[in-house]
Amino acid sequence: MSLLRDLFTVLMVSAGGFCFLAGTAGLLRFPDALTRLHALTKADNLGLGLIVLGLIAQAPGPLGALKLVAVWLLAQLAGATATQVLARAVRAEGRDSP
Amino acid sequence: MLQAGGSLLVLALMLPVIGILLIMSLDARHTGKIALALMPAGLAVALAIAARVWTTQAGLEYFIGGWAPPLGVALRADGISAVMLVTTSVVIGAAGLFARAEFRQPDNQPEARAPLMFWLLLLGIWAGLNAVFLGGDLFNLYVALEMLTFAAVPLVCLSGKAETLAAALRYLLFALLGSALYLLGAVLLFGAYGTLDIALLAARIAAQANMASPVWPLALWVALALMTVGLLAKTALFPLHLWLPPAHSGAPAAASAVLSALVVKASFFLIVRLWFGMLPGLTPWLGAQLLAALGAAAILFGSVLALRQARLKLLVAYSTVAQIGYLFFVFPLAANPAASTASAALAWTGGWMQLVSHALAKAAMFMAAGLIAETLGHDRIAGLGGVARVVPITVIAFALAGASLMGLPPSGGFVAKLLLLSAAVSQGLWFWAVVMLLGGLLAGGYLFRVLSPALGPLPAGWTPAARIPRDRQAVALVLALGAVLLGFAPLKSYDLLQFGRPAIAGAVTR
Amino acid sequence: MTAEQLYGLCGAGLVGLGLFGLITAELPLRRIVAFNLLGGGAFVVFGVIARRGAAAGLGGDPVPQALIITGVVVGFAATALAVTLVRRLHEETGTTKFDQDELPPETVKLSDATLSGGNP
Amino acid sequence: MSAALILDACLVLLVLAVAVWTIAARETFPAIAGFVSYGLLLAIVWVRLSSVDVALTEAAIGGGATGVLLLGAAARLTDRAGRRPAGIGLRIMAGALCLAITAALAFVILTLPDPAPTLAPQAVAGLPATGVGNPITAVLVAYRGIDTLLEKIVLLLAVIGVWCLTPDDSWGALPAPWGTARQDDAIVLLARLLAPVGVVVGVYIVWVGADDPGGAFQGGTILAAMWLLVMMAGLIAPLPATSRRLRRVLVAGPALFLAVAFAGFAMSGDFLSYPPAYAKWLIKLIEAALTLSIAAMVGVLVIGPAVRKR
């Protein structure tokens, strides 16, 4: 049982890590600010979600699991707002096309 | 050592802090009154501490919260702390009286910035100084040094002029570099000895030195070097003096007086604490000579640059660079393994006399320079003609303070330099004696440059830019007189400096 | 090599880097950043010393750990003061650069200085 | 070499690489971005060094508040580094000096005494007298409470110093950048959603700080961040330096701390000592008041002074 749980965690966290890697690759390779933001947020939200999911399996109790979910939600909120503000700033400066 | 006298130490530390908290929470029109009311109280506490050290002939010690080091923090006062506490409260009090009219909150008007800030920062400096002179714990002293920096830097640019902002920024960067190096050294000492308490460190270092195996641990020397360099940057010892002249000459006169008289001395005090207090009898001889060599360079370089200044306040600031140099002769002369105990004690007393008399004289001088600049509307030395006819008391104060800086008898500066000189000669370190004499001559030169035109005739059609009230001039005069009268202090009173003094030179077993 | 030693070397390296930046950077803001690097390095060294003192069921010696917290706070206050100073200087002068080795401008020649004792 | 050590080595290399970038980057903005990630990486280093309390502080201050300060300044300053950086001679000399210092430090660190001296047993032994369970809190508020008290005065002096940099004609005016920030509904939404949560988290971190990692500073910084956020969203106005209310909040924590410290003379014989029966509650009370003051101090330090009217 414990082995199965550990395996689940390893899988999920690795998948999450891969998402982060992909997001970073997008950040570096995509041509302009908006597409970069797009790549970054998509991949990172998913990546963090997967990692949190993997870690919930290891959480000491329901309270710990709840805290992990809260972390994910807060990161979502912060990420979404930051992206929104950044995107508007990019548009305002007229740099949305390469 | 008792906890009983310790409440005095706490009070000395906390009085200025109470002042800051009161001013911040009460109405602005009380600002100056609160600060000025605390100053006699602070002086009384400092005198009480000195009296206790004098009568018990030993240091006071207080473990805060009853937690003994190494877990807790100790406050300690020995002879030199007591002297510094008294000097500090005298100079701060004088600066307060001097600034009273200049930094008065306007009546029936909205609160003004500069008066509020001046008094808060002055109290901040006072708190930081007392914390440095009483601190027994290296980290607590780090916090004290930062208090001092954070209060001193904004005072430099209180006027908000662009050149003072640049001077303040340069000062801050030097000071931060100094604190970082100091902290790093303290960290290493904790790693090697498991305590930050100076007395415990001294005991553990001495125990280690008596063991056969690794006698000179690298950690100790790296830490000492880092901390010393850091503190030298804050003391503005040549060649780390670049920040001082613009900072000290740009501040308001009352603030310059405190910065030049006291703030740079605090870090010097800590270097002495480390070299003598933490390493009793182990003071490295070569390092001590190196410090004295830097001091000698500071005397010559600072004096020559003072001679070349076109503006009075800068001249006075460069004179500080030079006078700081004398202090560093204490290291070789009081820690010379070949010197007799009596000769070492002479040098020790001479060094502290130099510190106190320079504090009084330089405070008087900056105040006088500020008043002269106010009268004339500028402080160009070329345009000082006849100023002695307008503000005679001020010029007398400047001249008396100058006499002490030059080391003319019977001033405090004379006694200080004489003691250092005779220690140097008796120990065969005559080259330091030559530098001291040369420094006195150069000081005479730059003071002559100021006094000669000041005593001359007034240019025709001259009108003062401002009227200077007598009481402000009197403050400068009293301080200058203090510097001179210090030379008349009975020899017996110098013993205070020796109480609780760590064993130095002669006592070393070599 | 132990993990503590590894992080200790990291701290030593950070101190060197921060110091280098503090001495050589041209813009004051970059010097402030370098000062923070230097502070970080010093605290890491302290943290390693704390970790080495793990005992009594604790993961590290709590005294240095607490002091690091105090130190970080003081460092932040220093940064705030320095940054505000730089911003005000920029507001007043349009630049934040100041020459490090420049002496105050108005100096007179030594030969003139000794002669100018009299009233010109 | 164990797997953990390899990971540690990777982390160390990453930290050093980011530090090099921060020093070497030509432009200021990327250098500061590097510094923010340096702060976050250091937070991980602190966890690896078993100092969760420090990690929380580092994340809140090193990466967070300091980063905001530096980024805010970099965005406003128009200075560029000159075409030629500092003279090559100076750089070589500085480089040699720094290398020597690093080498000396490294040598000292590698030869520190073994077993290492430690105060941990004494710190634990003193805990019952303080009534708290987190030894770091005990050090900060009891054993070495004087450091914490003076540190608050240092912060207060920094606030005073920052206010001192207000131009005379703007004394009493609102700090500009937050007052005139363009309203952005995304930020407004974030402020409305996050601020209540953040306040709860901040208070929670202070509350558990008595027995678990956390404390007044970490919690206070989170509260400060929430204050800044609602100001940025334009939901509340910033307070001017002349605000009596703001000043009283700034002073409340240190003043209460000082009052309790002096009361210690009467209650248990020593300055800054606590009678064991009430120690825990007194410490919680002090921490609560300090949290409020810290939040105000950090907030004011980040906002900065009012700028010149144009």
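Because only heavy atoms are used, hydrogens play no part in the values below, and waters and symmetry mates are left out as well, while side chains stay in.
- Smallest separation of non-hydrogen atoms from B:Ala166 and C:Leu89: N-CD1, 3.7 Å.
- The nearest pair of heavy atoms linking C:Glu92 to B:Ala162 is CB-CB, 4.4 Å.
- Heavy-atom distances place both the backbone and the side chain of C:Val45 under 4.5 Å from chain B.
- Annotation: the span from C:Arg87 atom CZ to B:Leu165 atom CG amounts to 13.5 Å, rounded to 0.5 Å.
- If you measure heavy-atom distances from B:Tyr446 to chain C, you find no contacts under 4.5 Å at all.
- Both the backbone and the side chain of C:Leu81 come within less than 4.5 Å of a heavy atom in chain B.
- Looking at B:Leu183, only its side chain comes within 4.5 Å of chain C, counting heavy atoms on both sides.
- For chain C, no part of B:Val450 is nearby; none of its heavy atoms comes within less than 4.5 Å.
- Annotation for C:Leu85 and B:Ala168: closest pair CD2-C, 3.8 Å, computed over non-hydrogen atoms.
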### Task
Please test C:Ile23 against B:Leu177 for side chain to side chain contact (heavy atoms under 4.5 Å, CB included), starting from the C-alpha separation and ending with a verdict.
CA-CA 9 Å; C:Ile23 297 173; B:Leu177 172 67; 5.6 Å; no

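- In this structure, chain B has a heavy atom under 4.5 Å from the side chain of C:Val15, while its backbone stays farther away.
- Rounded to the nearest 0.5 angstrom, B:Leu169 CG and C:Ile32 CD1 are separated by 6.5 Å.
- The residue among C:Gly71, C:Ala50, C:Ala77 with the most heavy atom pairs within less than 4.5 Å of chain B is C:Ala77.
- Contact annotation for C:Phe46: both backbone and side-chain heavy atoms come within less than 4.5 Å of a heavy atom of chain B.
- Ranked by heavy-atom pairs under 4.5 Å with chain B, the first of C:Pro64, C:Gly39, C:Gly11, C:Gly53 is C:Pro64.
- Of all heavy-atom pairs between B:Phe190 and C:Ile49, the closest is CD2-CG2, 3.7 Å.
- Contacts of B:Leu181 with chain C are made by side-chain atoms alone, with heavy-atom separations under 4.5 Å and no backbone atom involved.
- Between C:Leu67 and B:Phe139, the shortest heavy-atom contact is O-CZ, 3.3 Å.
- Across all non-hydrogen atoms, the minimal contact from B:Leu176 to C:Ala78 is CD2-CB, 3.6 Å.
- When side chains are defined from C-beta on, C:Val74 counts as touching B:Tyr142, because their heavy atoms get closer than 4.5 Å.
- B:Leu451 does not touch chain C: none of its heavy atoms, backbone or side chain, sits under 4.5 Å away.
- For a residue to count as touching a neighbouring chain, one of its non-hydrogen atoms must lie under 4.5 Å from one of that chain's; by this rule B:Leu196 touches chain C with the side chain only.
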